[in-house]
Amino acid sequence: MPTELPYAAEAESSLSYDELEVLRRQYYKEIEQGHVTTQSKFNYGWGLVKSPTAEQQTEGVKLLQEIYSASPAHRRECTYYIAVGYYKLRNYAYAKKFNDLLLSVEPENMQAQSLRTLIDQAVTRDGYIGVGIIAGAAAVTGLIVASLVKRSRR
């Protein structure tokens with residue numbers, strides 16, 4: 001579902017298998033050599049966050065959070081992509097938390113502002129779905145109770 005918000009477009013896009021494979025090979029090559037650069041780890045984490053599968057997105061968020069914790073100099077770039085990862089995983093509370101961290105230091109950041117809009121829209125949409133499910137369950141329960149009451153009166 002493409003977004004109408006151009007600055008947050010990458011929150012809705014994925015890398016191709018071949019693009020992700022280039023990043024994966026570089027990352028694992030460095031692991032084999034005994035030293036992974038922060039840039040290779042970031043690139044691979046970024047690529048995983050942009051992948052189409054939740055398992056890869058989760059791994060990407062994990063790699064980016066490792067960088068976030070270990071390297072204060074790289075927190076700014078990690079914060080946005082961690083927020084994107086959580087958004088794609090539909091963990092909107094954490095997506096909002098990380099996105100708000102970025103907005104607290106860069107209130108004019110257009111990517112973060114657009115991502116905030118996407119997060120808010122998703123929370124609203126999921127809230128409506130939840131209300132619909134609850135209303136549907138209540139209606140079914142009401143029909144079952146009414147049927148049981150009707151049967152017991154016979």
Establish whether L63 and V22 are linked, either directly or via other cluster members, by ILVMFWY side-chain heavy-atom contacts under 4.5 Å.
no

Find the distance between CG (L64) and SG (C78) and round it off to the nearest 0.5 Å.
5.0 Å

Rounded to the nearest 0.5 angstrom, the OG1-CG distance for T124 and D120 is 6.5 Å

Verify side chain to side chain contact (heavy atoms under 4.5 Å, CB included) between K50 and L23, making sure each step is shown before the conclusion.
CA-CA 12 Å; K50 291 181 61 63; L23 300 174; over 6 Å; no

Enumerate, atom names and distances included, each donor-acceptor pair closer than 3.5 Å involving a side-chain atom of residues 42-49, sequence neighbours excluded.
| unit_1 | atom_1 | unit_2 | atom_2 | d |
| --- | --- | --- | --- | --- |
| N43 | OD1 | Q39 | NE2 | 2.8 |
| N43 | ND2 | Q39 | O | 3.4 |

Quick one, S114 with T117, criterion side-chain hydrogen bond (donor to acceptor under 3.5 Å, both in side chains). Give me CA distance, side-chain angles, the key distance, then yes/no.
CA-CA 5 Å; S114 293; T117 301; 6.0 Å; no

Check: Q26 and E30 side chains under 4.5 Å, non-hydrogen atoms
yes

For residues Y68 and H74, determine if any side-chain heavy atom of one lies less than 4.5 Å from a side-chain heavy atom of the other.
no

So does A54 get a backbone contact from the side chain of T58, meaning a donor-acceptor N/O pair under 3.5 Å?
yes

Side-chain (S40) to main-chain (V36) donor-acceptor, under 3.5 angstrom:
no

When S51 is tested against each of K88, Q57, E19 for side chain to side chain contact (heavy atoms under 4.5 Å, CB included), which residue passes?
Q57

With M110, which of E106, E108, Q113 fulfils side chain to side chain contact (heavy atoms under 4.5 Å, CB included)?
Q113

Return yes when atom CD of E55 has more than 12 non-hydrogen atoms of other residues, nucleotides or ligands closer than 6.0 Å, and no otherwise.
no

Return a table of donor-acceptor pairs under 3.5 angstrom between the side chains of residues 92-103 and protein atoms on other chains or two or more places apart.
| unit_1 | atom_1 | unit_2 | atom_2 | d |
| --- | --- | --- | --- | --- |
| K96 | NZ | D100 | OD2 | 2.9 |
| N99 | ND2 | A112 | O | 2.9 |

My understanding is that only residues two or more places apart in sequence, or in another chain, count here; which of them pass side-chain hydrogen bond (donor to acceptor under 3.5 Å, both in side chains) with Q65?
Y86

What's the verdict on side-chain hydrogen bond (donor to acceptor under 3.5 Å, both in side chains) for T53 and Q56, showing C-alpha distance, side-chain angles and the deciding distance?
CA-CA 5 Å; T53 69; Q56 289 177 325; 3.1 Å; yes

Does a side-chain N-to-carboxylate-O contact under 4.0 Å join E21 and R24?
yes

